[in-house]
Amino acid sequence: MDRYLVFGHPVRHSKSPFIHTLFARQTQQELEYGLAEPAVDEFAQALCTFFDQGGKGCNVTVPFKEQAFALVDRLSPRAKRAGAVNTIKLTDDGVLLGDNTDGAGLVADLKSHGVTLADSRILLLGAGGAARGALAPLLAELPSELVIANRTHTKAQQLAAEFHDLGPVTAQTYEQLAGPFDLVINSTSASLQGELPPLAPALIHTDIAIYDMMYSASDTAFISWAKQHGASQTMDGLGMLVEQAAEAFTVWRGIRPGTKQVLRELKRNLGVI
């Protein structure tokens with residue numbers, strides 16, 4: 001049976017085995033999917049061992065995405081742009097192909113919620129790996145403007161300069177931000193600590209769409225804050241998790257699974273519904 005894994009540290013909380021098991025059942029694919037949690041300095045050896053022992057592909061999560069980028073034999077265009085790899089496939093000719101499905105997963109989830117990206121004004125909070133992976137897919141949707149804001153402004157400036165050839169992307173400090181924005185995406189990990197990015201409440205309005213890449217069984221700190229200030233459409237990253245997994249499954253198996261039922265099952269598993 002074909003074997004797949006998710007590598008991370010920590011990774012025991014991961015819902016990837018649950019998701020991919022449902023995808024396999026839905027598409028009648030014979031595979032097994034497990035977890036691997038090597039020490040940070042043992043990832044390269046663990047990855048080699050997995051493929052040497054017959055592994056077909058893997059997902060890679062924090063903190064190994066940049067290491068994976070350097071270890072694969074070939075990179076997809078979107079992985080090159082993202083500077084990180086979250087999906088690896090062993091091709092038929094023995095090449096380790098590195099891909100990044102995070103941005104595609106984000107865009108797919110936004111569209112599933114009816115969010116219009118074309119001609120919209122988007123604010124992206126954060127300038128780390130999550131933001132980097134999202135930029136090219138977001139700009140491919142032809143927004144009117146994409147503004148990056150980050151606590152360290154120079155990082156936002158560097159990111160905007162790097163992706164400027166793909167569309168109208170600029171960097172601003174939190175103090176410089178002026179609305180209205182159609183969509184605000186929080187790519188920071190602040191919600192994991194129950195913290196908030198320093199965003200002015202005045203930027204929140206009734207018609208704005210709010211997206212937090214983090215997720216939990218209850219509202220994240222950012223979503224709760226946005227609701228308190230009048231946002232009527234708020235979304236967390238659970239759908240993005242399922243959509244990026246579907247993209248990875250497609251890379252591996254050449255068949256795209258449906259995501260709606262799997263997302264419902266995942267929410268039920270987490271006690272969200």
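- At a threshold of 4.5 Å between side-chain heavy atoms, the hydrophobic network of Ile, Leu, Val, Met, Phe, Trp and Tyr places Phe18 and Leu31 in one connected group.
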When you look at Leu159 and Leu124, which way does the side-chain contact (heavy atoms from CB on, under 4.5 Å) test go after all the steps? CA-CA 11 Å; Leu159 206 54; Leu124 180 61; 5.6 Å; no

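- Other residues, nucleotides and ligands contribute more than 12 heavy atoms inside 6.0 Å of the CD atom of Gln228.
- Closest heavy-atom contact between Ala130 and Ser187: CB-O, 3.7 Å.
- Ser216 places a side-chain N or O within 3.5 Å of a backbone atom of Ser218 that can act as its donor or acceptor partner.
- Going from atom OG of Ser224 over to atom NE2 of His229 covers 10.0 Å, rounded to the nearest 0.5 Å.
- Under a hydrophobic-cluster definition in which Ile, Leu, Val, Met, Phe, Trp and Tyr are linked whenever side-chain heavy atoms come within less than 4.5 Å, directly or via other members, Leu166 and Leu142 are assigned to different clusters.
- In this structure, Leu106 CG and Met235 CE are separated by 9.5 Å, a value rounded to the nearest 0.5 Å.
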Could you go through Gln158 and His153, starting from their C-alpha distance and side-chain angles, then the distance that decides it, and tell me whether this counts as side-chain contact (heavy atoms from CB on, under 4.5 Å)? CA-CA 9 Å; Gln158 291 167 1; His153 183 52; over 6 Å; no

Name the atoms and distances for all side-chain donor-acceptor pairs under 3.5 Å in residues 63-71, with sequence neighbours left out.
unit_1	atom_1	unit_2	atom_2	d
Lys65	NZ	Asp102	OD2	2.8
Gln67	NE2	Val40	O	3.4

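- Among all heavy-atom pairs drawn from Ser144 and Pro168, the shortest one is O-CG, 3.3 Å.
- Here the side chain of Ser232 pairs a donor or acceptor atom with the backbone of Thr206 at under 3.5 angstrom.
- The two residues Phe23 and Pro257 come nearest to each other via the heavy atoms CD2-CB, 3.4 Å.
- Looking at heavy atoms from C-beta onward, Arg151 lies in side-chain contact with Pro198 at the 4.5 angstrom threshold.
- Judged by distance alone, the side chain of Glu195 and the main-chain N or O of Ala190 form no donor-acceptor pair under 3.5 Å.
- Glu243 and Lys111 are not joined by a salt bridge, as no carboxylate oxygen comes within less than 4.0 angstrom of a charged side-chain nitrogen.
- Taking hydrophobic clusters as Ile, Leu, Val, Met, Phe, Trp and Tyr residues chained together by side-chain heavy-atom distances below 4.5 Å, Val115 shares a cluster with Leu135.
- No side-chain heavy atom of Ser14 sits under 4.5 Å from any side-chain heavy atom of Thr61.
- Contact record, Arg121 with Pro180: NH1-O, 3.2 Å, taken as the closest heavy-atom pair.
- No side-chain N or O of Asp99 forms a donor-acceptor pair with one of Thr87 less than 3.5 Å apart.
- Identified under the ring pair (Phe, Tyr, Trp, His ring centres under 6.0 Å) test for residues 89-143, with sequence neighbours left out: none.
- The shortest heavy-atom contact between Ala134 and Met213 is CB-CE, 3.9 Å.
- Applying the ring-ring contact (aromatic ring centres under 6.0 Å, His included) test to Tyr215 and every residue at least two apart in sequence or in another chain returns nothing.
- Between Arg256 and Glu247 there is a side-chain heavy-atom pair separated by less than 4.5 Å.
- For the pair Val11 and Val62, the minimum side-chain heavy-atom distance is 4.5 Å or more.
- In terms of heavy atoms, Gly126 sits closest to Thr188 at CA-CG2, 3.7 Å.
- Leu125 belongs to a hydrophobic cluster whose remaining members, ordered by chain and number, are Leu123, Val147, Tyr174, Leu177, Phe181, Val184, Leu196, Leu199, Leu203, Ile204, Ile208, Ile210, Phe222, Trp225; membership requires side-chain heavy atoms of ILVMFWY residues under 4.5 Å apart, directly or through intermediates.
- Relative to the six-membered ring of Phe163, Arg81 meets both conditions, a distance below 6.0 Å and an angle of at most 45° to the axis.
- Side-chain contact between Ile148 and Gln172 is absent, with no heavy atoms from C-beta onward closer than 4.5 Å.
- Looking at Ser191, its side chain never comes within 3.5 Å of a backbone N or O of Gly194 through a donor-acceptor pair.
- Residues Leu263 and Leu22 share a single hydrophobic cluster, defined by chaining ILVMFWY side chains whose heavy atoms lie under 4.5 Å apart.
- One distance of note links CG of Leu139 with CG of Asp165; it measures 9.0 Å at 0.5 Å rounding.
- Among residues two or more places apart in sequence or in another chain, the ring-ring contact (aromatic ring centres under 6.0 Å, His included) test is passed with Tyr211 by none.
- In Lys15, the NZ atom is crowded: over 12 heavy atoms of neighbouring residues, nucleotides or ligands sit closer than 6.0 Å.
- Residues in residues 124-136 take part in these salt bridge (charged side-chain N to carboxylate O under 4.0 Å, His left out) pairs, two or more places apart or across chains: Arg132-Glu162.
- A distance of 12.5 Å separates CG in Asp119 from CD in Glu145, rounded to the nearest 0.5 Å.
- There is no path of hydrophobic side-chain contacts, each under 4.5 Å, that joins Phe50 to Tyr33.
- Here NE2 of His9 is found 9.5 Å from CG of Asp41. Values are rounded to the nearest 0.5 Å.
- Panel note: side chain Thr91, backbone Val95; a donor-acceptor pair is recorded below 3.5 Å.
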side-chain contact (heavy atoms from CB on, under 4.5 Å) assessment of Thr250 paired with Ile255: CA-CA 5 Å; Thr250 306; Ile255 183 170; over 6 Å; no

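- No more than 12 heavy-atom neighbours from other residues, nucleotides or ligands sit within 6.0 angstrom of NE2 on His164.
- More than 12 heavy-atom neighbours from other residues, nucleotides or ligands sit within 6.0 angstrom of CG on Asp93.
- Put simply, the side chain of Asn100 gets close to the backbone of Ala84: a donor and an acceptor are under 3.5 Å apart.
- In this structure, CD on Gln29 lies 8.5 Å from CG on Asp2, to the nearest 0.5 angstrom.
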Going through the checks in order, is the side-chain contact (heavy atoms from CB on, under 4.5 Å) test met by Leu35 and Leu5? CA-CA 5 Å; Leu35 302 170; Leu5 283 178; 5.7 Å; no

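- Considering only heavy atoms from C-beta on, Leu97 stays 4.5 Å or farther from Asp73 through its side chain.
- Using a 4.5 Å cut-off on side-chain heavy atoms (C-beta onward), Ile122 and Pro143 make contact.
- Tyr4 pairs in a side-chain hydrogen bond (donor to acceptor under 3.5 Å, both in side chains) with only one of the listed residues (Lys56, Arg253, Lys89, His20), which is Arg253.
- Residue-environment remark: CD (Gln28) stays at or below the threshold of 12 foreign heavy atoms within 6.0 Å.
- Side-chain atoms of Ser112 come within 3.5 Å of backbone N or O of Asp109 as a donor-acceptor pair.
- A donor-acceptor contact shorter than 3.5 Å is absent between the side chain of Thr116 and the backbone of Ala118.
- Proximity of a side-chain donor or acceptor of Thr49 to a complementary backbone N or O of Gln45 within less than 3.5 Å is detected.
- Looking only at side-chain heavy atoms (C-beta outward), Val262 and Gln26 come within less than 4.5 Å of each other.
- A donor-acceptor pair under 3.5 Å is absent between the side-chain atoms of Asp236 and the main chain of Asp212, judged by distance alone.
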